[in-house]
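Notes to accompany the following structure.
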Amino acid sequence: MYYRQAGTYRTDYAQDMRLLPLKEDRILLGVVLLAAFAVIPFTASDYWLSAILIPWLCLSLVALGQNILMGYAGQLSLGAAGFMAAGAFACWNFMHRVDWMPFPVAVFLSGLIAAAIGIVFGLPSLRVRGLYLAVATLASQFFIVWVIDKFGWFKDYDSSGIITAKDIVIFGKSFTSPAEMYLVVLTITVVLTWAAMNMARGSVGRNWQAVRDMDVAAEVMGLSLLRTKLQAFAISSFYCGVGGALFAFTYLKSVEPAAFDINLSFRVLFMVLIGGLGTIIGSFYGAGFILLLPVFLNIFFHALFGKAVDATITSALEQVIFGVMIILFMIYEPLGLAKLWQNFQERMRRWPFKF
Amino acid sequence: MNPEILFFFEVLLGGLLAGVMYSLVALGFVLIYKASSVFNFAQGAMVFFAVLSFVGFMELGLPFFLALLVTVGLMVLVGMATERFVLRPLVNQHEDTLLMATIGLAFVLEGLAQLVWGVEVRRLDLGIPDVPIMWIADATGIFVSALDLVAGLVAAVMVAVLAIVFSRTKVGLGLRAVADGHGAAMSIGIPLSQVWVFVWATAGIVALVAGMLWGARAGVQFALVGLALKALPVLIIGGFTSVPGVIVAGLIVGASEKLAEVYIGPYFGGGIEGWAPYMLAVLFLMFRPEGLFGERIIRRV
Amino acid sequence: MNAVTESHVPGVERAFPIGGPILQLDAISLRFGGVHALTNISFDIREHEVRAIIGPNGAGKSSMLNVIGGLYTPQEGTIRFRGETLSNMTPGKAARMGIARTFQNIALFKRMTVLENIMAGRRLFTHASFLEVALQLPRARREELESREKAEEIIEFLEIQQIRKTQVSRLPYGLQKRVELGRALAAEPQILLLDEPMAGMNVEEKQDMCRFILDVNDHYGTTMVLIEHDMGVVMDISDRVVVLDYGKKIGDGPPDEVRNNKDVIDAYLGVAH
Amino acid sequence: MRRLIQRAASAVLVTAALAASPIAPGIAQAQEQYMAVPSSRVGPYSAMGTGYYGGIIDYMTYVNKTGGVNGVQLTWAECETEYNAARTVECYQRLLSGPNGQKMVVFDTLGTPGAYAVINRMAEDEVVLAQFGYGRTDAADGRVWPWVFNAAGHYWSQIAVKMNFMAQVEGGVENMRGKKIVHLHIDSAYGREPLPAMRQIAEDWGVTLVEISIPPPGLEQKSQWLQIRRERPDWVTFWGAGSGMNATGMTEAARVGFPRDRMMYVTFGGAEEDMVPAGDAAVGTYVVANVVPGKDFPLVQQIEEVVYGAGEGNLANPERVGTVYWNRGVAAAVMWIEALKNAQAIHGKAGQPVTGPEFRDGYEALDMTAEKLAELGMSGMIAPFKLSCEKHDGSGRFKIMQWNGEAFDIISDDFVAAPDESFIRGLVEASAEKFAADNGLSVRDCP
Amino acid sequence: MAAEGAGGETFAQLLIGQADRRGDASAIREKRRGIWGNVTFAALSEEAAALSLALAGRGLVRGDRIAVIGENRPRLFAAIAATHALGGVAVPLYPDCGATELAGQLRATDARAIFAEDQEQVDKVLEILPDCPGVQLVIYDDDRGMRHYVHPGLVDHAHLMAEGHEIAAAQPDAYRAAVAAGGGEDEAFVFFTSGSSGAPRGVIFTHRALIGRTRAAAAAQGLGETDTTLAFFPPGWLCQTMVSYMSAMAVGLCICCPESLETLIDDMRETAPSALLTTPRMLDAIFSRISTRMEETGGVNLVLYRRALALAQRVGRQMTEGQAPGAVNRFGMAAYGALIYAPLRDFLGMSRLKSACSTGDTLDPAMQGFFQTLGIGLGQLYGSTETAFFVAMQRPGDTRPGPLGAPLEDMEVRIAEDGEILVRSDGVMKGYLDGTTARDAEGWLHTGDAGRLDEAGRLHMIDRMDALGRLADGTPFAARQIESRIRFSPFIREVVVTGEGRDRLCALIDIDTLAVGRWADDHAIAYMGHVDLASQEAVHDLVAGIVAGVNADLARDPALAPLQIARFALVPEELGTENGFLTPTGKVRRQAVTDRFAALIEALHAGRDEVVIEAATGEEGHRGEIALKLRAPGGTGGPGDRRAA
């Protein structure tokens, strides 16, 4: 209905292979970006900016990283939070130890540190796969958090062990209000998402998917499994590291290893599975779903029952409903939210037909 | 005997006994994975749900064995419900989807347990003293708790019972057939759904037993959910499909993590127990990617 | 009449005449544990020819192909590529030497589209690093366009235009086989190994596949090595045939010669049919 | 059924409205004071959260039913944090403005990670962070942390009190020389929090200090206890989190035969919920209490009568009235209300709601004398204390309790103080000043 | 508008004119390898130059006939253009015509060269080459699979081009000189009739005639240089070549060539042509596609769709009755416009359509109405190969169902005494290949069609003169009119009504396997293939309902009331081009069908309930005896009656 495709034809491959080949999608994206950059910072409340949008964007980046590894390269990993922790602490140390370092540079370097660690912990992927690999990556999760926690140097021997995130300063301008931080996070997210999209649809993404779908055939084509898998680990960890640094600096505003526990890794896994494996946009949907659904359920139940029902019961009920929703989701749309969106788009393109 | 050597044995024994406790939790995973290739993320939640219900029934005034019976019945119901509402609609779906569904199931079970029985921490007294058996301590200087021994015994009995069930009963045969491929199970005339119900109910009962032993020590409470994490390295080393494998792996993990913590831990300020079993599992995988007793993965072209 | 075109030399019927040996296998033996998969097998493959390896089930045909493709390393024997002895073959090396292959059980990238599968086959022609791809630097864009152009050429060649953007797992078996051939072609191979390209196909699909195999050979001059279980089809399209049985070579030569070879008739034709 | 549907419909609307525009432009009612309750009622720390926030809510209900705060009725909104820093931040932002449009004046996360996550934004938002016996220790220095209060004792004074008690049992500080203490703790910042003070005191006294950590969740402590058995310490101080770890500590102690009456549990490990699951193994374990549990206090009895009598109690199980966490929640809420009263008085706003800065002034003016406590019906429940501009922490005195298998026996008649309170204060100020210097914060001048 | 393209008497001169004036404009767009390639007029002219010079170099001369066989492709058009540049006569042939037929046509035209598209065509040509000694040169375009072909006289397009470029370099003026030598009276094309009645006959046209017709047609449709069309009918059909090659040359239209017939729907959507040539058969296919997909979609969408159609019909009726629609209806039309009509137009790639004409057969009024409700003005076009098709047509904006519209400007139309349509114009054929011209002394060309002119001067066609039947009692009937009504149902693909000299009308019906199969799936009816489907009781019931609906419709029209289908049978074989039942343009070969199923027809008219005939019994081509049910239509309406109501 929204899409009008008659008369749009492509006369060269560049047109067909651009990021969004459909004019309507480009308009939609333009509107979304315009709203995100020019409208939301000035209209959204602090609650929305700092409690919903910022963590959502940060975790979307992490989910994107997880998705690159798991959805595209097919390497089941459970170490996302570990790499986030690495990114967060690396970022803090860069900011702490190098005075002049602008925040984006620190974030980028933190991503690199996380990527380096990711390569090391990706090594088992050469021998093992599937659930075995997932459990192997759990080792990285525990190990990274343990190392950071154990060795005071990472926290510059702070007595409390929980360090306060520094203010974000970029070339002398500090970004401390929710709207300013939101813009910083948004910019980094947009740039990295664009890069991820380019990789995913380009030769890099095809190599990942080749390894995922049929590694023998990929090898026979001349693809090095070692390099491809480690590349996926590195890039995935980079995204996790950047996401972790942003999460710590713009959302938690404190940097402590315990915030990056195994539960967070699992939540990132859920995000990818619910959002849609092997889709970029799905990472955003999944992060939104896992992050925001409990919040909205909480708000909803408090609004529904008020103080009439024991809050313990409503909290437990929220969990049950969350679980039921996940199960229903898997039954009715196992390919995730991204698939739902894709179906919707397809329907809009074929409207009034469904198929 | 040299006290250091004695201490070493004590650590080793303690580790082995702790390993048995891990194995009990891991056993539930293996049962389900064997039958349906589902990694049951809800196993920890099942442990919590089962033992909390058991204690809850006791609180309602049921005597021990009646409560046990009712809880076993409840776990069978959970198995049936899981088969009907989760597995059946998802038959033939990708593994990731099933995994995700069990995550949903975990939330449901955790929420239900807390909804019905509340969030209070409860005590579970099995009547088995968790104190050193004095005559052993006197004779050898090694402290062994009666509960540990009972746990070891229970684990042994359960493995034996499961082994008999698998090899001698019709459902067990069906299960083995299922493990070989769904088509095969159909061909020997056992409906897949029955096998699944059976397996999930059995896993529920195993969860109940594990929960009771753990609950007797640490209290019946939410933290039991986290036990699943302890079971993972055991599964890796043992292989996802081998019952004897998880027992042996449990012993290996238990012993090695205790030894590592006691002898290596102090050099790093301790706390390495948290990741040591995983590192062990990773190292293990480097040499035997299919686990201790897992089926060998053969690369076919 | 007068219009004999200069592009075709009179009297020669092939665009790419069969040349000298491109690949020579000498006394190859392969064992899995105690099982002798291949025993002392020697034969050669000449440039631009269609070479078939036939034999009953379990004769060692796939093992032979896997040895050529570098997936298996034989315990004994040497392989020479254009006269150069190769030691320690790996799939990657084979690919770089210009050997591409298809698999008996389709090994496509299931969740990718036909186009993506074929473009993925361009692996050896894409050199842009992930950073160049991520930032859409000129080299990445150029290579991507080149890949696409080549892929489209193959798509047209194999007449699969209408499924170009279909996920391969949704295609019928016969088309999947065709796509797999396309993916192998995308590597612009010198030698193409086809592992039972016609297995499980109906008569019509087999005819199509034969036509494509011949067209590839005719159009690109690719040397083809194909395994087939069904002797009839192969005899029509191959230049020379190697017959294996129980891991041993029992016949080698042009189809007509092999067809009349007594060992072959005894060991193979009599058994399989 | 129809009513439920109507409510559901209106709840959808409310959710949607909140989602669309969380700044509810409601007009603040003159006689209401909005309070935020970031509770944690599910997950591994649910027992703690339900008790503590139950106590807070019960006390607020009690205040409302007995005429409010000079006529001002309390309203509150609750948010589930799941004891998770990330969700705590969301809850903080969500609860920042109440349904009536009033801004939050006080926030109590009942958890150190959550407290750290909101500590900075609270200063910006001018909201009081009321830590009650947890959180950032050096925040007790009001010069550096103007918005953070810890009206109970912090971990440094707690460890000092414990060591003082050990010395009492051993017959004096001089007898401590050569003794060995194992600090068995969860492997996290919280577990290591008391160490700076502890190390210093141990050094001063000539006590050998052995630190052993337990990786979370701590349901397995065999190797730690084997190490303890090898070390043969005289005392064990246990710093656990979650009743699973705490109960396991005692059962494991029993298994290696370590006497329970040589173990001292932290305030967050010393509640009925931690003791009961350990069964007999718990008998004899010492716990320190910043708020004394039990129903012997007039205030507790009144709440039970007024609130639970009317069936409006927050605890699902009314038997938990008088337990450690519930009593602690009540005491924490008492501080809020007393601060509120002070704020109304200082700023001449009797019978009117106050703002964050006014509330903070009220907090700094807290003076819980023995008389005041008696008046409130909580004599002996907490130690008297007085806050000021620079001093933001409570008495720093604790009572020692011992578990008898059924309940806690209070074994110290009076609150025990740290051996040298000024020494602890010095540590706090030094740490706070270092923090201020490291982070370029200005140190407030106090009159 | 058409005048803009003036400046030449032959197509070759027109091409040079276009190339000189607007060389960069697209002449042809072809979807190949996933993207739309572009051939400009300049490029086309250059290619024509090189090719024509090469042809001349190979001994071909002015006046030679050169056949082209293949689908619509730039190179095919280039081949025609080169032929014209050479001064030769292009003979476009149907790509799916059999070898024997091809040989006959090559001999009849005395073609000296043939452009064959690919291996398939070349194989066919080489097979019959010994029978056609006149053919000296076979040029192939796609070299796929042809590298090892060695045959004297075989040359590939690229090679010929190279030859041509060499000559062009040596003689830069040769091309233009050759083109300038041509004149309007030169022969331009030979087309073969489709042969729906009798064997195909070759028809000769001059440049002048076709250029004139093309321009008149474009003027009538309001088409000009900015317009595009999609060419997907075989170039052997004159009407298609008029709307493609000739329009490009004479009017400057851009021709789009689809990638393949399988991707036609997508290609149509992508190009969204502004001018379209269709046939009732194709419209039928589109309509049945829309209705089945709509049915599959179901739900709200289906309800909206049905209401949208109903409203459009209601409003349409009001408008014809001269009432202005009310505000509510106007709003409804706007709303449904956004929700249904516009998206459907977009889906069909018809959103930019200026002119769409349907020819080749009678268009059912309901079908025309359906497309009009979607906002697609579909005009009927009357004509034949001999008359270069554009005799009379409904102009855009006046496309009410019923008449065929007024004759074109340069066309005189008269109805003979016996009802035959006679036309007179410079734009009709020069004559048949055998030298006959089908004209009478006054120059009137006898079309062989029966029709009438109404008061407004609009032409109505009744049927072919020879297809016009009379029942035994003398009641006249036009089988085609009734057939098109029955064929409107998405479940029915083809129908042949018989009754000449009989008591009543009967129908042989070929069901649409796909649509009926889907219907069967929905109704849980198991079947295996077409034969089985056509023998199902439920399917007979379905068809009976459809026929009954048509009968009821016929009864409402006083002129047609006596005509009722009394009985029908479902044919056991799918009527297709490959088995000779359909012409290449998809018209049914009545004679072939009545011959093949003579026994069946006999039985129908005899009123039997069952007949045993020999037919293919399965998909593998085994033949055997089949018992066929013969049925009378049921009551009015029925489950399958999907007429938009």
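By convention in this document, chain letters (A, B, ...) are assigned in the order of the sequence lines, proteins followed by strands, and residues within each chain are numbered from 1.
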**OP:** Give, as side chain, backbone, both or neither, the part of A/F151 having an atom under 4.5 angstrom from any heavy atom of chain B.
**Re:** side chain

Original post:
So which of B/L232, B/L229, B/I103 has the biggest tally of heavy-atom pairs under 4.5 Å with chain A?
Top reply: B/I103

Subject >> Contacting region of B/F41 [heavy-atom separation from chain A under 4.5 Å] >> reply: side chain

Original post:
Between B/F85 and chain A, which part of the residue has a heavy atom less than 4.5 Å away: side chain, backbone, both or neither?
Top reply: backbone

**OP:** Return the option, out of A/F322, A/F270, A/F266, with the maximum number of heavy-atom pairs under 4.5 Å with chain B.
**Re:** A/F270

**OP:** Return the option, out of B/L280, B/L285, B/V282, with the maximum number of heavy-atom pairs under 4.5 Å with chain A.
**Re:** B/L285

Subject >> Atom pair NZ (B/K34) and CZ (B/F240), whose distance is rounded to the nearest 0.5 Å >> reply: 13.5 Å

Original post:
Can you name the side-chain hydrogen bond (donor to acceptor under 3.5 Å, both in side chains) partners of A/S283, sequence neighbours left out?
Top reply: A/N67

**OP:** With a 4.5 Å cut-off on heavy-atom pairs, point out which of B/I272, B/I236, B/L109 contacts chain A the most.
**Re:** B/I236

Subject >> Proximity breakdown for A/I262 and chain B, heavy-atom pairs closer than 4.5 Å >> reply: side chain

Subject >> SB check B/R123 B/E59 (cutoff 4.0 Å) >> reply: no

Subject >> A/K155 bridged to A/E256 by N-O distance under 4.0 Å >> reply: no

Original post:
Can you name the residues that form a salt bridge (Lys or Arg N to Asp or Glu O under 4.0 Å) with A/K229, not counting sequence neighbours?
Top reply: none

Original post:
Which atom pair, heavy atoms only, marks the closest approach of B/G15 to B/K258?
Top reply: CA-CG, 3.3 Å

Original post:
What residue, out of B/Q114, B/E110, B/M286, has the most heavy-atom pairs lying under 4.5 Å from chain A?
Top reply: B/M286

Subject >> Most contacts with chain B, counted as non-hydrogen pairs under 4.5 angstrom, among A/P334, A/G336, A/A134 >> reply: A/P334

Subject >> Interface residue of largest heavy-atom contact number with chain B, from A/M325, A/M214, A/M70, A/Q319, under 4.5 Å >> reply: A/Q319

Subject >> Selection from A/A217, A/P124, A/S315 maximising heavy-atom pairs under 4.5 Å formed with chain B >> reply: A/P124

Original post:
CE of B/M46 to OG1 of B/T102: how many Å apart, nearest 0.5 Å?
Top reply: 10.5 Å

**OP:** Pick whichever of B/Y278, B/F39, B/F287 has the most heavy-atom pairs under 4.5 Å with chain A.
**Re:** B/Y278

Original post:
What's the verdict on side-chain contact (heavy atoms from CB on, under 4.5 Å) for B/V220 and B/W214, showing C-alpha distance, side-chain angles and the deciding distance?
Top reply: CA-CA 8 Å; B/V220 175; B/W214 277 96; over 6 Å; no

Subject >> Portion of A/L277 that has a non-hydrogen atom of chain B nearer than 4.5 angstrom >> reply: side chain

Original post:
Going by heavy atoms in the side chains, are A/L328 and A/E333 under 4.5 Å from each other?
Top reply: no

